[in-house]
Amino acid sequence: VCTCLCMHVLVHACTCVCTLVRVVFVCEQSCTCLCMCVLVCVCTCAYVCAYLCMHACACACMYFRVRTCTCVCVLVHACRCLCVHARACACMYMLVHACTCACTLVHACARLCMCVLACARLCMCVLVCMRLCMCVLAFACMHVLACVYFHVRTCTCLCMHVHACACLYFHLRTCACVCALVHACTCMYMLVHACACLCVLVHACTC
């Protein structure tokens, strides 16, 4: 556009110059014509300068408008690209975050399952230990009860045997005492009887 405007201005200026030269060559003998020519040249130069300035301003305005529109379009395109990239990055971030959360959840579930299995195994071990302890405790209690029963039974039998021996001893001692007493009584009776007989004999001899 700027090139076309400059070519148009250049052609217009050349046309004006040719017209001016033609007028100068035709009216060169007249001072009035010369003044007219000078005036025409001045006016033409002023017109050409004004026309050039106007076209230059128009070209500059057009250039700045085009440049502004280009910058705005580039800026809009950059903003769109940035928004698209930002949206893609956000989607990628959300996808990565979702994958990370899913992996973390799966890892946490796996660890929870392992903890539950460990707790179940621990509970089984505790139950087995409790059963074993109960068996050992029951066996120990039965052994203690059996030992106590046998000791009590042995002590009872021993006490009964001691009591029987004591009773037998006291019975034998009582019988021995009774026998000794009877023997003593018998001896005393025989001694009294002998004394009586002796007295009777002495009295008989005396008589």
Side-chain angles (χ1 to χ4, degrees), residues 68-207:
T68 304
C69 291
T70 305
C71 292
V72 171
C73 292
V74 171
L75 184 62
V76 170
H77 182 69
C79 290
R80 288 186 62 188
C81 293
L82 184 62
C83 291
V84 170
H85 283 292
R87 187 176 180 182
C89 291
C91 292
M92 186 62 69
Y93 173 75
M94 291 295 291
L95 183 62
V96 172
H97 184 68
C99 292
T100 305
C101 292
C103 293
T104 304
L105 183 62
V106 170
H107 185 66
C109 291
R111 293 185 65 182
L112 182 62
C113 292
M114 290 179 66
C115 291
V116 170
L117 289 176
C119 292
R121 290 179 180 177
L122 183 62
C123 291
M124 291 293 292
C125 292
V126 170
L127 289 176
V128 171
C129 291
M130 287 180 64
R131 289 182 180 179
L132 185 61
C133 291
M134 289 179 66
C135 292
V136 172
L137 185 63
F139 180 76
C141 291
M142 291 178 65
H143 181 69
V144 170
L145 290 175
C147 291
V148 170
Y149 171 74
F150 284 112
H151 282 294
V152 170
R153 187 176 177 182
T154 303
C155 291
T156 304
C157 292
L158 184 62
C159 291
M160 290 178 66
H161 282 291
V162 170
H163 181 69
C165 291
C167 291
L168 182 62
Y169 170 73
F170 283 111
H171 282 295
L172 291 175
R173 187 177 178 183
T174 303
C175 290
C177 291
V178 170
C179 292
L181 184 62
V182 170
H183 180 69
C185 291
T186 302
C187 291
M188 184 63 70
Y189 173 74
M190 289 180 68
L191 183 62
V192 170
H193 184 68
C195 288
C197 291
L198 183 61
C199 289
V200 170
L201 182 62
V202 170
H203 184 266
C205 287
T206 303
C207 288

Which value, rounded to the nearest 0.5 Å, describes the distance between [X] atom [atom1] and [Y] atom [atom2]?
| X | Y | atom1 | atom2 | result |
| --- | --- | --- | --- | --- |
| C99 | H97 | SG | NE2 | 10.5 Å |
| C109 | H107 | SG | NE2 | 11.0 Å |
| C133 | R131 | SG | CZ | 12.5 Å |
| T186 | L181 | OG1 | CG | 9.0 Å |
| M190 | C197 | CE | SG | 10.5 Å |
| Y169 | R173 | OH | CZ | 4.5 Å |

Could you check C83 against R87 for side-chain contact (heavy atoms from CB on, under 4.5 Å), going step by step and ending with a plain yes or no? CA-CA 6 Å; C83 291; R87 187 176 180 182; over 6 Å; no
Student check: side-chain heavy atoms of H143 and C147 closer than 4.5 Å: yes
Any side-chain heavy atom of L75 within less than 4.5 Å of one from C79? yes
